[in-house]
Number of protein chains: 2
Amino acid sequence: MAVEEKVEITDAEWEIMRVVWTLEQATSKEIIEVLQEKKDWKPATTKTFIGRLVKKGMLLAAPQGNKFIYSAGISEEGSVKSATDRLFGQICSRAAGKTIADMISKALLSHEDIQLLQAALDAKKSEAVDTVPCNCIPGQCKCKKEHNINCH
Amino acid sequence: MAVEEKVEITDAEWEIMRVVWTLEQATSKEIIEVLQEKKDWKPATTKTFIGRLVKKGMLLAAPQGNKFIYSAGISEEGSVKSATDRLFGQICSRAAGKTIADMISKALLSHEDIQLLQAALDAKKSEAVDTVPCNCIPGQCKCKKEHNINCH
DNA sequence: CTCCTTCATTTACAGTTGTAATCGATTAAT
DNA sequence: ATTAATCGATTACAACTGTAAATGAAGGAG
């Protein structure tokens with residue numbers, strides 16, 4: 001399988017990529033139109049982001065006459081994974097559970113999603129621990145947090 | 001309840017905040033020591049971030065003699081929520097379910113976490129939809145994605 | 001063949017971020 | 001008292017981001 005590159009996608013770039021992932025193939029005009037409506041970006045702004053993404057290899061530009069047809073150079077799948085990895089790198093490992101629970105509460109989910117979630121959760125039940133260690137400070141835990149009294 | 005400010009916390013700032021959230025009270029020396037070990041940051045680097053966080057009100061500096069005792073000016077809870085909101089603002093709404101499932105698979109969870117997750121999931125079961133609409137492009141759905149054939 | 005339109009490319013520019021040295025004031029040590 | 005160690009504040013600086021105008025090249029309209 002293709003090694004998923006560790007790409008850093010900015011907020012603005014996500015918007016472009018999402019359009020391209022959705023349309024699979026798109027001209028700059030199409031992308032510009034979508035984002036003019038969705039984000040109220042000037043055409044020049046969208047062009048800048050397209051250019052930067054092409055330079056970084058996140059967008060592929062296939063010459064079509066004198067124009068280009070753009071397509072994704074990175075997978076949505078992998079990009080989403082990178083983004084979640086980043087989030088979980090930021091927050092305290094102890095906060096993961098509650099954070100995921102909040103996400104579930106907030107998200108709009110399909111029946112299929114629910115099944116996926118249930119399966120993932122069931123798989124976890126066997127390997128649950130008593131206390132998740134805090135990873136905010138290396139070495140001996142110095143947590144003062146109430147919920148962390150067992151954290152050492 | 002306190003209105004949770006819409007704060008933007010950078011990667012580096014997360015590190016500082018996590019130390020302070022963990023210790024609850026900390027001198028610059030303590031913060032510097034932790035991050036020197038954990039991130040190999042020079043003391044000056046950590047000082048810069050502390051200064052920026054104080055200026056933004058994310059860290060509170062209580063004068064203690066000629067030094068300061070730092071404490072958090074924003075809640076960990078709210079900050080984590082902001083970060084997850086941002087993530088879900090970036091990705092396609094259709095990707096949420098799978099993304100959360102991946103998180104569950106990857107996370108280290110406690111028994112308590114599992115219960116939270118199960119409760120959140122159960123609560124969702126009643127309101128699951130057949131198809132989550134894609135929100136990448138406004139207006140009529142133009143999704144070319146295979147999984148999106150029902151998306152309109 | 002000439003002008004307008006359309007793209008892509010180049011340039012602009014301020015604000016943010018990561019990374020850090022230096023400076024200035026103050027305290028602790030000699 | 002003089003010196004050394006701290007600590008906060010100021011300054012530095014390049015890369016990245018968001019936002020966009022200007023420019024150049026090439027095709028389409030007339």
Closest-nucleotide 5' rank along DNA chain D - winner of B:Asn66 and A:Lys47 | B:Asn66
Knowing that exactly one of B:Leu117, B:Leu121, B:Ile104 qualifies, which makes a side chain to side chain contact (heavy atoms under 4.5 Å, CB included) with A:Gln118?
-> B:Leu121
For A:Thr10 and A:Phe49, run side-chain contact (heavy atoms from CB on, under 4.5 Å): C-alpha distance rounded to whole Å, both residues' side-chain angles, the deciding distance at 0.1 Å, then the answer.
-> CA-CA 10 Å; A:Thr10 70; A:Phe49 293 136; 5.7 Å; no
Between B:Glu15 (CD) and C:dG18 (P), how many Å, whole number?
-> 10 Å
Are OP1 or OP2 of C:dT6 and a side-chain N or O of A:Ser28 less than 4.0 angstrom apart?
-> no
Presence of B:Thr45 side-chain N/O under 4.0 Å of C:dT19 phosphate oxygens OP1/OP2 | no
Nearest to the side chain of B:Arg52 - D:dT17, C:dT19, C:dT9?
-> C:dT19
Rounding to a whole Å, what distance do you find between B:Lys42:NZ and D:dT6:P?
-> 17 Å
Using whole Å, report how far CD of B:Gln64 lies from C1' of D:dG8.
-> 15 Å
Value in whole Å for how far the C1' atom of D:dA15 lies from CG of B:Asp11 = 15 Å
Does a nitrogen or oxygen in the side chain of B:Lys56 sit under 4.0 Å from OP1 or OP2 of C:dT17?
-> yes
Think A:Tyr70 has a side-chain N or O under 4.0 angstrom from the OP1 or OP2 of C:dA8?
-> yes
Please report, rounded to the nearest Å, how far the C1' atom of D:dG8 is from the CG atom of B:Leu53.
-> 15 Å
Gap between atoms CD1 and C1', on A:Ile32 and D:dA20 respectively (whole Å) = 12 Å
Stepwise side-chain contact (heavy atoms from CB on, under 4.5 Å) test for B:Val132 and A:Leu109 = CA-CA 6 Å; B:Val132 176; A:Leu109 300 170; 5.5 Å; no
Is there a donor-acceptor pair under 3.5 Å between the side chain of B:Arg18 and the backbone N or O of A:Asn135?
-> yes
Distance test, side-chain N/O of B:Trp41 to OP1/OP2 of C:dT19, below 4.0 Å = yes
A:Phe49 CZ to C:dA12 P: how many Å, rounded?
-> 19 Å
So, is A:Thr27 close to the C:dC7 phosphate, meaning a side-chain N or O under 4.0 Å from OP1 or OP2?
-> no
Among D:dC7, D:dA21, D:dT17, the one nearest B:Lys29 by side-chain distance | D:dC7
Give the rounded distance in Å between these two atoms: CD1 of B:Ile50 and C1' of D:dC7.
-> 10 Å
Looking only at side-chain N and O atoms, does B:Thr10 come under 4.0 Å of OP1 or OP2 in C:dG18?
-> yes
Identify, between B:Ala44 and A:Thr48, the residue whose nearest nucleotide on DNA chain D lies closer to the 5' end.
-> B:Ala44
For A:Val80, which of B:Thr99, B:Leu87, B:Asp102 qualifies under side chain to side chain contact (heavy atoms under 4.5 Å, CB included)?
-> B:Thr99
